[in-house]
Asker: 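Sharing a structure, written as structure tokens. Questions coming.
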Amino acid sequence: MPLERIVATALRIVEEEGSDALSMRTLAQRLGSGTATLYRHFDNRAALVAHVVDRMFGSVELNGDELLTMGWERALRTVAHTMFDALARHSNAARLLVEQIPMGPNAMALRERCVAVLLDSGFPPRVAAYAYATLARYVLGFAVQVNGHGGAGQGDDAESAAVFQSVDPDLFPATVTVAGVMPVPIEDEFSFGLELLLSGLAHLRDEA
């Protein structure tokens, strides 16, 4: 059985039923085969998960040469938004990323491009490594929230806004002051936090 078909089916199970639903037995049943067929490709579930995760990273389309010409801030901003969009397209599947550090060829290539940009821009090796790791986990944290809650719809936002605007001003005066801009859309939260992260990295580079 082609590896591509197995991995694609595993990803489909996760998207439809959640990450906990993915097992060798469930996958074999969906494929109409036995688990022995799967064990020819994967030693265990962790190995299967690694392939599914790397398939998601394969959808993060970035050009390494273009990133190097952008300047590190624009490059990392582009990487973060592109990675976020890619993970958000896979409902539930982003949660698999919390199970292990991505080490597949697609994930390694993305990490290589980003770290290369940072090193080329004068970041010390330790800071470059920490910067990419932090950026990747930041993106993952937001992707899990989006996928875990199905995204925030207009109805949910309107309901939350009504709650914020109806709180007791004596108990929550600060909340009342900012109620007009609450709740903050998750895309705006992501962009705002990303700019804070980039600003902090710029400060670190200047100190290095």
Asker: Check whether Thr9 reaches the backbone of Arg5 with its side chain - one donor and one acceptor, N or O, closer than 3.5 Å.
Answerer: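 A pair under 3.5 Å: yes.
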
Asker: Atom CZ of Phe57 and atom CG of Leu87: how far apart are they, to the nearest 0.5 Å?
Answerer: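 If we round to the nearest 0.5 Å, Phe57:CZ and Leu87:CG are 6.0 Å apart.
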
Asker: Salt-bridged, Glu66 to Arg113, with N to O below 4.0 Å?
Answerer: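 The answer is no: the pair does not qualify as a salt bridge.
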
Asker: Distance from Ser191 atom OG to Leu196 atom CG, nearest 0.5 Å?
Answerer: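 Interatomic distance, Ser191 OG to Leu196 CG, rounded to 0.5 Å: 11.0 Å.
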
Asker: Would the distance check show the side chain of Thr26 and the main-chain N or O of Leu22 forming a donor-acceptor pair, the cut-off being under 3.5 Å?
Answerer: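 No, because the side chain of Thr26 does not come within donor-acceptor range (under 3.5 Å) of the backbone of Leu22.
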
Asker: Between Leu197 and Leu204, is there a shared hydrophobic cluster once you connect ILVMFWY residues whose side-chain heavy atoms come closer than 4.5 Å?
Answerer: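 Both belong to a single hydrophobic cluster.
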
Asker: Using side-chain heavy atoms (C-beta onward) and a distance below 4.5 Å, is Leu67 in contact with Leu76?
Answerer: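 A side-chain contact is absent here, since even the closest heavy-atom pair is not under 4.5 Å.
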
Asker: Could you walk me through whether Phe172 and Phe164 pass ring pair (Phe, Tyr, Trp, His ring centres under 6.0 Å), step by step?
Answerer: CA-CA 10 Å; Phe172 308 105; Phe164 283 122; over 10 Å; no

Asker: Any chance you could measure Arg25, atom CZ, to Arg30, atom CZ, to the nearest 0.5 Å?
Answerer: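 Answer rounded to 0.5 Å: 16.0 Å.
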
Asker: With a sphere of 6.0 Å drawn around CG of Leu3, does it hold more than 12 non-hydrogen atoms of other residues, nucleotides or ligands?
Answerer: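 Above 12, so yes.
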
Asker: Which residue pairs pass the ring-ring contact (aromatic ring centres under 6.0 Å, His included) test with at least one member in residues 24-56, sequence neighbours excluded?
Answerer: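 Listed once each, the pairs are Phe42-His51.
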
Asker: Quick check: do Asp54 and Pro102 have side-chain heavy atoms less than 4.5 Å from each other?
Answerer: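 Asp54 does not reach Pro102 side chain to side chain.
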
Asker: Determine whether Val127 and Pro124 make a side-chain contact, defined as any pair of heavy atoms from C-beta on separated by less than 4.5 Å.
Answerer: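 With C-beta onward as the side chain, the pair touches.
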
Asker: Any carboxylate oxygen within less than 4.0 angstrom of a Lys/Arg side-chain nitrogen, looking at Glu15 and Arg89?
Answerer: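 Judged by the 4.0 Å cut-off on N to carboxylate O distance, Glu15 and Arg89 do not form a salt bridge.
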
Asker: With clusters defined by side-chain heavy atoms of hydrophobic residues (ILVMFWY) lying less than 4.5 Å apart, directly or transitively, does Tyr130 cluster with Val79?
Answerer: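 No.
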
Asker: Quick one: list whatever passes side-chain hydrogen bond (donor to acceptor under 3.5 Å, both in side chains) with Glu112, sequence neighbours left out.
Answerer: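 None.
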
Asker: Under 4.5 Å between any side-chain heavy atoms of Leu48 and Leu38, yes or no?
Answerer: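 SC-SC contact between Leu48 and Leu38 ruled out.
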
Asker: Are any side-chain N or O atoms of Arg111 and backbone N or O atoms of Met103, one a donor and one an acceptor, separated by less than 3.5 Å?
Answerer: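 Absent.
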
Asker: Got Asn106 and Val60 here, is their nearest side-chain heavy-atom distance under 4.5 Å?
Answerer: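 The answer is no; the side chains never approach within 4.5 Å.
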
Asker: Would you name the heavy atoms of Leu118 and Ala128 that are closest together and state the gap between them?
Answerer: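 Heavy atoms only, the tightest pair is CD1-O, 3.5 Å.
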
Asker: I need the Cys114 SG to Leu119 CG distance, nearest 0.5 Å.
Answerer: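 Result: 11.0 Å between the selected atoms.
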
Asker: How close do Ala47 and Asp43 get, heavy atom to heavy atom, and via which atoms?
Answerer: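 Smallest heavy-atom distance, with atoms named: CB-N, 4.0 Å.
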
Asker: How many angstroms lie between CG in Leu198 and CZ in Arg205, if you round to the nearest 0.5 Å?
Answerer: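 Between Leu198 CG and Arg205 CZ, I get 12.0 Å after rounding to 0.5 Å.
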
Asker: Would you indicate whether Asp20, at its atom CG, is surrounded by more than 12 heavy atoms from other residues, nucleotides or ligands within a distance under 6.0 Å?
Answerer: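 Count not over threshold, so no.
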
Asker: Any chance you could measure Glu189, atom CD, to Glu187, atom CD, to the nearest 0.5 Å?
Answerer: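 Answer for the CD-CD pair, Glu189 versus Glu187, is 9.0 Å.
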
Asker: State, yes or no, whether a side-chain contact exists between Leu194 and Leu135 at a heavy-atom distance under 4.5 Å.
Answerer: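 Answer yes - side chains close enough.
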
Asker: Under a single-linkage definition using a 4.5 Å side-chain heavy-atom cutoff for Ile, Leu, Val, Met, Phe, Trp and Tyr, are Ile186 and Phe192 assigned to the same hydrophobic cluster?
Answerer: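 No, no single cluster joins them.
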
Asker: Could you pull out the closest heavy-atom pair between Pro183 and Ala161, with the gap in Å?
Answerer: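 Looks like CD-N, 3.8 Å.
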
Asker: Do any N or O atoms from the side chain of Ser59 and from the backbone of Arg55 form a donor-acceptor pair under 3.5 angstrom?
Answerer: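 It does not hold such a pair.
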
Asker: Is the closest side-chain heavy-atom distance between Val115 and Phe123 below 4.5 Å?
Answerer: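 Val115 does not reach Phe123 side chain to side chain.
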
Asker: Between Phe190 and Val184, is there a shared hydrophobic cluster once you connect ILVMFWY residues whose side-chain heavy atoms come closer than 4.5 Å?
Answerer: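 No, Phe190 and Val184 fall in different hydrophobic clusters.
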
Asker: Please check this pair: side chain of Asp120 against backbone of Leu68, looking for a donor-acceptor N/O pair closer than 3.5 Å.
Answerer: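 Side chain of Asp120 to backbone of Leu68: no pair is present.
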
Asker: Could you tell me whether the side chain of Ser33 reaches within less than 4.5 Å of the side chain of Met1, counting heavy atoms only?
Answerer: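 Yes; the side chains approach each other to less than 4.5 Å.
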
Asker: Would a distance-only check, ignoring hydrogens and angles, find a side-chain to backbone donor-acceptor pair under 3.5 Å from Thr82 to Thr78?
Answerer: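 Side chain of Thr82 to backbone of Thr78, a donor-acceptor pair under 3.5 Å: yes, one is there.
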
Asker: Could you state whether Val176 and Leu171 fall into the same hydrophobic cluster, counting links through intermediate Ile, Leu, Val, Met, Phe, Trp or Tyr residues with side-chain heavy atoms under 4.5 angstrom apart?
Answerer: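 Val176 and Leu171: one cluster.
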
